[in-house]
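It should be emphasised that the depicted structure is a prediction, and the values quoted were computed from it without experimental measurement. Below, chains carry the letters A, B, ... as their sequence lines are ordered, and counting in each starts from 1. Below, each value reflects all heavy atoms present in this structure, side chains not excepted, and no hydrogens, waters or symmetry copies.
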Amino acid sequence: MNGEGRRRDFRYNRSSKKHKLIRTAEEELEAKLGFDLFSEGEKRLGWLLTFASSSLEDQETNKVSSCVDLYFVSQDGSCFKSKYKFRPYFYAATKDKMEIDVEAYLRRRYESQIANIEIVEKEDLDLKNHLSGLRKSYLKLSFDTVQQLMSVKSDLLHVVERNQSKSDATEAYELILMGKREQKSQDFLDCIVDLREYDVPYHWYDVSISSNDVMLERRTDLLQRAEVHVCAFDIETTKLPLKFPDAEYDLIMMISYMIDGQGYLIINRECVGDDIEDLEYTPKPEFEGCFTVTNVKNELELLKKWFAHMREEVGFQCDKNQGEYRAKFACHLDCFAWVKRDSYLPQGSHGLKAVTKAKLGYHPLEVNPEDMVRFAMEKPQMMASYSVSDAVATYFLYMTYVHPFIFSLATIIPMSPDEVLRKGSGTLCEMLLMVQAYKANVICPNKHQSDPEKFYNNHLLESETYIGGHVECLESGVFRSDLPTSFKLDPSAYEQLINNLDRDLQYAIRVEGKIDLDSVSNYDEVKNVIFEKLARLRDEPIRVECPLIYHLDVAAMYPNIILTNRLQPPSIVTDEVCTACDFNRPGKTCLRKLEWVWRGEIFMAKKSDYYHLKKQIESEFVDGTDVQLAKSFLDLPKTDQQLRLKDRLKKYCQKAYKRVLDKPVTEVREAGICMRENSFYVDTVRSFRDRRYEYKGLNKVWKGKLSEAKATGNSIKIQEAQDMVVLYDSLQLAHKCILNSFYGYVMRKGARWYSMEMAGVVTYTGAKIIQNARLLVEKIGKPLELDTDGIWCALPGSFPENFTFKTRDMKKKLTISYPCIMLNVDVARNNTNDQYQTLTNPVTKTYTTHSECSIEFEVDGPYKAMILPASKEEGILIKKRYAVFNDDGTLAELKGFEIKRRGELKLIKVFQNKKYRSALKTHQSGSSPVRGGNSGWRVVFVSC
DNA sequence: ATGCGAGCCTAC
DNA sequence: GAAGGTAGGCTCGCAT
């Protein structure tokens with residue numbers, strides 16, 4: 001799979017005798033359910049629904065090969081399946097110039113298992129001086145089946161592990177001996193120093209297409225998904241009081257399900273008090289639920305009915321091994337997985353009821369689980385409605401959110417829809433990076449493993465990481481746009497703003513507006529208004545004014561820091577790397593140095609104590625005194641050993657030093673960033689950022705078309721526009737999800753592209769940006785709270801806000817937010833990367849250099865009010881918790897409170913209570929400074 | 001009482 | 001077997 005688009009032309013251009021297959025039972029069934037194996041005939045067009053790994057056997061030779069089963073849906077709604085052969089492979093690296101010998105040896109050693117070995121040249125970003133064009137040779141071992149690959153891989157992994165653990169000294173010694181000795185098989189094995197890409201999901205490998213086999217051709221012009229059948233179901237069972245249902249003895253009371261919008265309900269009369277008639281549950285006009293009801297006499301009949309219908313509609317069969325009814329071609333998409341990973345709802349709102357309220361916008365029927373069994377007997381009609389309501393909610397949640405999201409994500413990630421839904425965001429990220437690396441002929445690094453025995457200043461490290469985002473709370477209390485507050489401004493800062501006014505406005509016009517300064521007709525007019533405002537603030541710096549409550553935040557800060565600084569794990573270089581590089585010349589600009597802060601926690605014990613304990617424990621036996629059960633410590637798995645050793649060390653520290661860990665150490669470090677490294681990583685990030693912008697734009701376009709369609713009343717066009725709005729919104733969300741994961745991914749356990757330095761540089765750069773913003777804001781207004789990429793602040797009411805520049809030809813208008821551009825000029829001055837290099841000629845290795853800065857503040861507001869809670873303790877300010885209100889009185893933001901709904905109610909009560917209002921006024925206009933000594937009124941949020 | 005670390009959940 | 005990260009608030013249990 002190349003991971004780009006799921007709609008493919010499908011061709012099968014041969015007279016297929018060679019691979020004539022006997023229909024297996026699976027194929028028989030799949031054919032019955034519409035997925036006929038497409039093996040000859042005209043070229044077909046299909047939308048790839050899903051795929052699964054499989055194998056096929058050549059009838060003549062009985063030779064088994066790995067393949068992927070591809071399940072397609074045609075434009076007319078019919079389906080077909082095809083088997084697409086591939087050869088799984090992995091790479092092996094050898095000692096220098098040993099490729100040919102090792103190849104010959106491996107061919108002999110694994111004669112019956114290896115299908116082919118090729119020597120290939122790959123871009124190896126770990127290779128010294130690779131920018132000069134040096135490539136690394138790898139043996140590409142291909143196999144007919146995954147089983148064969150697995151067997152050879154595990155064999156060679158042991159060899160490589162042994163070879164890698166040998167010291168350099170030994171290696172050098174052996175090299176001298178080699179020439180003199182007759183070469184034995186062991187010598188060739190010793191030459192295999194690394195394996196790569198051996199743990200890649202194997203259906204992923206597929207790229208080559210042989211001339212007499214299945215041909216796949218991507219159709220990038222077609223974007224619309226095919227129509228597929230969707231079934232959402234919900235099962236109600238009996239249960240014991242205060243217990244969860246148990247399949248051992250509990251009965252199914254009813255099954256409700258919706259297939260393509262039509263509802264069905266099967267009633268088990270053993271548990272339900274009365275026959276139920278067909279019913280309707282339509283919580284909203286757009287969520288119509290008409291249910292056909294079948295009443296059966298017992299659970300067996302219920303299951304029979306259910307399975308019969310599932311077989312007929314969806315094509316499920318029983319997998320005897322798993323004991324599950326599944327169909328290979330039917331995607332099983334768990335809406336709950338979407339809720340957990342993609343809904344952005346708080347942990348406490350992950351139940352179906354809460355999700356229905358939040359995402360579908362209606363209140364579903366709710367029944368206390370403890371009442372359900374009784375109600376089934378006593379109020380059967382009510383329980384039927386309840387059961388059906390869950391199926392309706394699930395169906396429309398899936399149709400509205402999950403389906404478009406997952407299938408659009410699946411067009412860019414080479415995984416089946418089921419996996420795209422269930423995998424972590426870091427894994428999705430890695431898959432995308434692997435696609436990009438593959439295209440750039442870059443060999444993938446192996447999964448990162450942390451060094452279990454790292455020291456710092458003669459002490460064992462318990463853990464190490466980097467300083468992350470910067471958070472501060474500077475005020476507490478209530479800030480209202482209609483309630484004057486006191487400002488103590490810094491006149492020199494205003495003087496500075498005035499002096500820089502031309503520079504800042506011209507920056508906004510040229511860089512943000514991309515407009516020629518000369519074409520602006522009202523420049524002086526705007527400038528003078530701002531100048532007047534700033535001058536008045538400068539001249540009267542102590543003042544009481546209604547505040548402008550603003551939120552200024554950097555859009556997609558971490559991705560844009562990555563892109564601005566060309567940050568990627570393989571770009572982090574040491575002096576040693578640079579020294580070996582051809583581009584390392586005096587006055588070079590290709591090395592960019594950026595700071596970050598390392599933080600480590602060390603054990604109290606000294607390194608020598610640690611080694612002493614290690615020696616001791618290594619001579620011991622574990623698992624009791626019984627000689628027969630006793631096992632040498634050294635026979636335990638490595639990770640187990642390290643765990644036990646650390647445990648021993650902890651006990652020792654506790655005894656000898658009265659504490660285990662020393663206080664955390666931090667250290668400012670400098671990372672060297674290569675501005676020339678192969679750009680596949682930043683390219684992946686950028687293409688995501690840009691494609692997301694594209695989809696956001698298209699979403700806006702279709703929103704326009706939707707309102708047009710609504711105006712004309714054409715229901716077909718309304719529906720079409722509505723669908724496109726959802727489609728593009730889900731596409732932009734898909735990109736946002738991945739975009740945000742490219743930063744965290746570099747510190748993920750087992751990441752192929754791992755880098756603590758890179759993560760540290762990203763967060764430290766961000767922390768400096770937000771702290772610089774605060775430095776400015778505290779001179780010209782009041783910062784209230786800042787967190788990582790945004791700052792909440794109160795500016796004096798007379799502070800210049802929005803202005804519109806017009807061009808002489810009247811074609812363009814540019815509206816600027818003065819607080820925003822004031823910060824952006826600062827950001828650009830401090831963060832522009834003038835060393836950004838782009839490879840423009842791969843043959844001559846020529847690079848062009850340009851300046852890059854895509855880090856920009858955006859502005860929200862002004863708002864009606866912001867409330868920052870105080871601690872119960874004197875003078876302690878609380879971060880990450882606040883409430884913000886819009887001008888119309890609605891709640892704009894409520895952050896940090898576990899019980900949002902309850903918190904909201906409480907807050908509004910506090911806010912509206914007359915008694916408190918006067919108290920707030922006293923606090924707000926009072927002369928005592930709020931920061932630090934908060935002796936006045938405090939808003940405290942209490943959850944109960 | 002007070003201080004701590006663990007566990008849970010949230011902000012970004 | 002699969003796995004984005006760090007910062008921070010709050011509760012609770014446990015040791016002092």
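Under 4.0 Å is where a charged nitrogen must lie from a carboxylate oxygen, and between A/Arg881 and A/Asp787 no such pair does. A salt bridge links A/Glu472 with A/Arg774: the distance from a Lys NZ or Arg NE/NH1/NH2 to an Asp or Glu carboxylate oxygen falls below 4.0 Å.
In this structure, the nucleotide among C/dA3, C/dG9, C/dG4 sitting nearest to the side chain of A/Arg881 is C/dG9. If you check C/dG4, B/dC12, C/dA7 against the side chain of A/Val471, the one that comes closest is C/dA7. Closest to the side chain of A/Lys895, from the set C/dT6, B/dC12, C/dG4, is B/dC12.
The six-membered or imidazole ring of A/Tyr681 lies away from that of A/Trp753, with a centre-to-centre distance of 6.0 Å or more. Separation of the A/Phe479 and A/Trp792 ring centroids does not fall under the 6.0 Å cut-off.
Side-chain N/O atoms of A/Lys749 and base N/O atoms of C/dA3 include no donor-acceptor pair closer than 3.5 Å.
Separating the CE atom of A/Met756 from the C1' atom of C/dT6 is a distance of 12 Å, rounded to the nearest angstrom. Taking atom CZ of residue A/Arg659 and atom P of nucleotide B/dG5, one finds them 8 Å apart after rounding to whole Å. Between A/Tyr558 atom OH and B/dA11 atom C1' the separation is 11 Å, expressed in whole Å. In this structure, the CD1 atom of A/Ile878 is 4 Å from the P atom of C/dC10, given to the nearest Å. Separating the CD atom of A/Glu893 from the C1' atom of B/dA11 is a distance of 11 Å, rounded to the nearest angstrom. Between A/Leu567 atom CG and C/dG4 atom P there is a gap of 21 Å when expressed in whole angstrom units. In this structure, A/Asp418 atom CG and C/dA2 atom P are separated by 15 Å, rounded to whole Å. For A/Asn740 and B/dA11, the CG to C1' distance is 13 Å, given to the nearest whole Å.
A/Gly750 comes within contact range of no nucleotide atom at all, as no heavy-atom separation falls under 4.0 Å. Residue contacts for A/Gly744: at a heavy-atom cut-off of 4.0 Å it reaches a base atom on one of the strands shown. Residue A/Ser741 is classed as having no contact, given no heavy-atom separation below 4.0 Å to the nucleic acid. A/Arg341 comes within 4.0 angstrom of no nucleic acid atom, judged by non-hydrogen atoms across all strands. Among the heavy atoms of the strands lying under 4.0 Å from A/Lys880 is at least one base atom, whether or not backbone atoms are also near. Residue contacts for A/Thr763: at a heavy-atom cut-off of 4.0 Å it reaches no nucleic acid atom on any strand shown. Within 4.0 Å of A/Phe742, counting heavy atoms only, lies no atom of the nucleic acid at all.
Toward the 5' end of DNA chain C, the nearer of the two residues A/Arg599 and A/Arg748, judged by each one's closest nucleotide, is A/Arg748. Along DNA chain C, the nucleotide nearest A/Gly424 and the nucleotide nearest A/His470 are compared for position; the residue whose nucleotide lies closer to the 5' end is A/Gly424.
Not counting sequence neighbours, the partners of A/Gln147 by the side-chain contact (heavy atoms from CB on, under 4.5 Å) test are A/Thr145. Looking at residues two or more places apart in sequence or on another chain, you find a salt bridge (charged side-chain N to carboxylate O under 4.0 Å, His left out) between A/Lys353 and A/Asp390.
The side chain of A/Tyr466 places no N or O atom within less than 4.0 Å of a non-bridging phosphate oxygen (OP1 or OP2) of C/dA7.
Across residues 785-794 of chain A, A/Asp787, A/Thr788, A/Asp789 each have a non-hydrogen atom less than 4.0 Å from an atom of DNA chain B (numbered order).
Checking side-chain atoms of A/Arg659 against main-chain N and O of A/Met604 turns up no donor-acceptor pair under 3.5 Å. Looking only at distances, a side-chain donor or acceptor of A/Asn446 sits under 3.5 Å from a matching main-chain atom of A/Leu195.
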